[in-house]
Amino acid sequence: CNVSLHSFRISGPALRKFSARFPELAAHIDDQAWVERNLNRIFELFTASGGAGGIPAYMARLASLGIWAADDMLVCSDEAAALLSRKYAGRVMLWSEPECYEELGAAAKAAVGGLKIFTDGALGARTAALTRNYKSGGKGLLLHSDAELAKIIRKAARLTNRLAIHAIGDAALEQTVAVLERLAIPRKDLRVRIEHAQLITPAQARRAKKLGAGLCMQPNFSSDSVCYADRL
């Protein structure tokens, strides 16, 4: 049951049904920290039945709405990469998560234009990393230490020349900008986008701009922040 884009409910029989194929996920499904750190496996679960088969209908739907180009932010299969790069050349920019990228074949890797990593979760799940507590307590999750994040960014620079960094909470944004400053990134061998930047402070935005990082915000997040007033 899809409650929202960041919330799914799974019944006991459903859990038993997929536990044979996804035993590690079944064992950790109620561990929020594990889920946030293993999103690529979660997405694999929800795409396992249809594979890349649903892509043509989805792209046709986008075109009917006047949306011709799109970014696929988490390509995890050779099948999807081949279909998107062949049938929708010039219309889709392909991104992958570092672990997924390394498992792709050579042709799929060549089709992927950048990597995406996560530094925190989402407001809906109360896992976006904040400097102040949520009303229910806790400050969300920073998914990496500063050293770990720096290592991942350096790795991305070696694998592709583009990196998208998911950061929603002000604590995650502070970590992201501070680590980029220490690494003197972006630079010519790695272009960086900060995805969402929902609760960014003016000072953080100016520092990101000075670095040359792109701030990729979505207009719906303005109302989204209001919707989550019960949490913030």
Side-chain angles (χ1 to χ4, degrees), residues 1-32 34-118 121-122 124-125 127 143 156 159-160 162-166 193 195-196 216 218-221 224:
C1 175
N2 182 358
V3 180
S4 74
L5 292 176
H6 294 287
S7 178
F8 292 84
R9 296 194 177 152
I10 302 174
S11 67
L15 187 66
R16 289 191 294 274
K17 188 176 181 69
F18 74 71
S19 62
R21 184 171 177 183
F22 301 95
E24 188 176 16
L25 192 153
H28 295 92
I29 198 69
D30 293 319
D31 182 345
Q32 189 70 64
W34 186 91
V35 168
E36 294 290 356
R37 290 184 171 92
N38 292 273
L39 283 178
N40 57 320
R41 301 185 190 185
I42 303 295
F43 292 137
E44 181 185 358
L45 166 67
F46 290 116
T47 60
S49 60
I55 291 175
Y58 180 76
M59 293 300 293
R61 172 65 175 159
L62 287 185
S64 74
L65 297 171
I67 302 170
W68 187 247
D71 283 34
D72 189 320
M73 299 305 295
L74 193 59
V75 175
C76 281
S77 76
D78 291 300
E79 179 189 12
L83 176 61
L84 288 165
S85 61
R86 182 181 68 251
K87 188 170 182 177
Y88 304 101
R91 290 183 57 187
V92 182
M93 168 72 175
L94 307 187
W95 301 76
S96 186
E97 185 268 347
E99 286 187 10
C100 289
Y101 178 85
E102 292 190 307
E103 294 175 0
L104 295 174
K109 286 180 178 176
V112 169
L115 300 182
K116 180 176 181 181
I117 63 174
F118 293 81
T127 51
L143 301 180
L159 296 176
T160 70
R162 290 187 180 184
L163 177 65
I165 304 176
H166 165 113
R193 292 166 39 162
E195 299 295 324
H196 313 312
C216 297
Q218 289 75 48
N220 62 291
F221 275 14
D224 182 74

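Side chains included, hydrogens not; waters and symmetry mates left out as well; all remaining heavy atoms used. The residues of the chain are indexed from 1 along the displayed sequence.
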Which heavy atom of [X] sits nearest a heavy atom of [Y], and at what distance?
X: A108; Y: L104; result: CB-CB, 3.8 Å
X: R162; Y: G113; result: CB-O, 3.5 Å
X: I10; Y: L15; result: CG2-N, 3.8 Å
X: A80; Y: S77; result: N-OG, 3.0 Å
X: M93; Y: G114; result: CE-N, 4.0 Å

Straight-line distance of [X] [atom1] to [Y] [atom2], nearest 0.5 Å:
X: L62; Y: Y88; atom1: CG; atom2: OH; result: 9.5 Å
X: I55; Y: E79; atom1: CD1; atom2: CD; result: 7.5 Å
X: S11; Y: R16; atom1: OG; atom2: CZ; result: 8.0 Å
X: I117; Y: I165; atom1: CD1; atom2: CD1; result: 4.5 Å
X: W95; Y: L74; atom1: CH2; atom2: CG; result: 12.5 Å
X: R91; Y: M59; atom1: CZ; atom2: CE; result: 4.0 Å

Quiz item: Who pairs with W34 by ring pair (Phe, Tyr, Trp, His ring centres under 6.0 Å), at least two apart in sequence or on another chain?
Solution: H28

Quiz prompt | With Y101 via ring pair (Phe, Tyr, Trp, His ring centres under 6.0 Å) - residues at least two apart | solution =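 Scan of Y101 (ring pair (Phe, Tyr, Trp, His ring centres under 6.0 Å), adjacent residues dropped) gives none.
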
Quiz prompt | Trace of the side-chain contact (heavy atoms from CB on, under 4.5 Å) decision for S64 with R61 | solution = CA-CA 5 Å; S64 74; R61 172 65 175 159; 3.9 Å; yes

Between [X] and [Y] (side chain of the first, backbone of the second, donor and acceptor by atom type, cut-off under 3.5 Å), is there such a pair?
X: H166; Y: G121; value: yes
X: E97; Y: E99; value: yes
X: S96; Y: L115; value: no
X: Q32; Y: D30; value: no

Practice problem: Apply salt bridge (charged side-chain N to carboxylate O under 4.0 Å, His left out) to D71 and list each qualifying residue two or more places apart in sequence or on a separate chain. | Solution: R193

Exercise. Under the side-chain contact (heavy atoms from CB on, under 4.5 Å) rule, what do E36 and F118 come out as? Steps first, then yes or no, please.
Key: CA-CA 9 Å; E36 294 290 356; F118 293 81; over 6 Å; no

